[in-house]
Amino acid sequence: MSLWSWSGFFGYLFNPFILGGVFTTIWLTAVSLIAGLILGFALALMRRSSLRPVQILAKAYIWLFRGTPLLVQLIAIYTALPQFGIRFSVIEAALLGLALNEAAYLAEIIRAGIEAVPVGQARAARALGMTERQIMRYIVMPQAFKVIIPPLGNSVNGLLKTTSVTSVISMEELLRRTQVLIQERFMVLELFAVAAIYYLLLTTLWDLFQSHIEKRFGQADSRLSVTDRG
């Protein structure tokens, strides 16, 4: 008896139910990333604050969310918080858990990028009368962004796969929908192979996009260097 069915594999490769899970994985990644970037940027600024309590608060947050598994965080948000009267839907809990977790990692990436910019440039900008907001927007972040791009891209790649963890709270992304079909059709190998192909496709497409962005900024740096030497 064959353990593999090619007809089953190709039959589910473009299955609408599976494709719906792929779409969910994409928007779940995008929304979580945007929210994580916003919170991560705030945490990075808090880490660099001159106020000690603010620094401690940011460090505690990062320590907590980087030091505990996302699985535990999702379960706590979805099942523990209702014990205190705080309830979230599956989608809300999934987005919140992913965003809060991702923010802890992005905060350190953003902070490292900001600190890579020479302090003297900010001082020179202050001497010219620029405000702190202007310095951050026009001087620091454009340069920090070039340092942030590679690790940020790796985080997005990881987040695409990490969304699968939300299946434990019944979020119907790619892995959850694959599991549902497995329970109905008992085609374990075929359906997991289909899911793996889609994860590979998504991460490969992102890698290509990331490489394009890195090359673009690299070429911009090269043109700037030639102009400076001239």
Side-chain angles (χ1 to χ4, degrees), residues 27-68 70 73 77 86 88 92 94-160 162 206-207 209-230:
W27 71 253
L28 196 60
T29 300
V31 176
S32 300
L33 177 65
I34 293 170
L37 278 171
I38 294 171
L39 181 56
F41 183 71
L43 287 167
L45 295 181
M46 290 170 67
R47 280 290 313 269
R48 303 182 73 252
S49 173
S50 58
L51 301 175
R52 185 65 176 170
V54 175
Q55 287 184 23
I56 293 175
L57 182 61
K59 288 180 180 179
Y61 178 98
I62 294 170
W63 168 77
L64 176 64
F65 281 91
R66 291 183 67 182
T68 56
L70 174 60
Q73 296 165 18
I77 292 170
I86 305 174
F88 295 102
E92 291 169 344
L95 287 173
L96 183 61
L98 288 171
L100 292 177
N101 182 271
E102 193 67 15
Y105 292 91
L106 294 178
E108 292 298 276
I109 293 174
I110 295 171
R111 182 179 65 87
I114 292 174
E115 293 181 351
V117 179
V119 179
Q121 294 191 21
R123 291 174 179 168
R126 290 190 190 96
L128 293 173
M130 295 181 69
T131 65
E132 292 300 322
R133 179 176 296 182
Q134 290 174 327
I135 293 171
M136 183 62 66
R137 179 177 179 181
Y138 298 110
I139 305 297
V140 176
M141 288 312 300
Q143 297 180 75
F145 188 63
K146 298 167 188 174
V147 178
I148 292 170
I149 287 175
L152 176 61
N154 293 333
S155 291
V156 175
N157 191 307
L159 184 57
L160 276 166
T162 303
W206 173 257
D207 285 341
F209 179 74
Q210 180 183 348
S211 297
H212 172 72
I213 294 297
E214 290 180 6
K215 288 179 181 178
R216 182 175 179 180
F217 275 90
Q219 290 172 355
D221 286 344
S222 299
R223 289 195 296 268
L224 182 60
S225 298
V226 170
T227 302
D228 289 343
R229 284 195 297 270

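Not measured: the values here are computed from a predicted model. Only heavy atoms go into these numbers, but all of them, side chains included; no hydrogens, no water, no symmetry mates. Counting begins at 1 with the first residue of the sequence.
- Judged by distance alone, the side chain of Gln134 and the main-chain N or O of Thr131 form a donor-acceptor pair under 3.5 Å.
- The CH2 atom of Trp27 sits 8.0 Å away from atom OG of Ser32, with the distance rounded to the nearest 0.5 Å.
- Put simply, the side chain of Lys59 does not reach to within 4.5 Å of the side chain of Met46, judged on heavy atoms.
- Rounding to the nearest 0.5 Å places CD1 of Ile114 at 12.0 Å from CD1 of Ile109.
- You'll find the side chain of Tyr61 reaches within 4.5 Å of the side chain of Leu39, heavy atoms only.
- Using a 4.5 Å heavy-atom cutoff, the side chains of Val54 and Leu45 are not in contact.
- Gln73 places a side-chain heavy atom less than 4.5 Å from the side chain of Thr68.
- Electrostatic pairing of Glu214 and Lys146 does not count as a salt bridge here, judged by no charged N lying under 4.0 Å from a carboxylate O.
- For the atom pair OH (Tyr105) and CD1 (Ile62), the distance works out to 11.0 Å, reported to the nearest 0.5 Å.
- The only member of Val140, Ile135, Val147 that meets side chain to side chain contact (heavy atoms under 4.5 Å, CB included) when paired with Val117 is Val140.
- Side-chain contact between Arg111 and Arg48 is present, with at least one heavy-atom pair separated by less than 4.5 Å.
- The CG atom of Leu106 sits 11.5 Å away from the CD1 atom of Ile38 when rounded to the nearest 0.5 Å.
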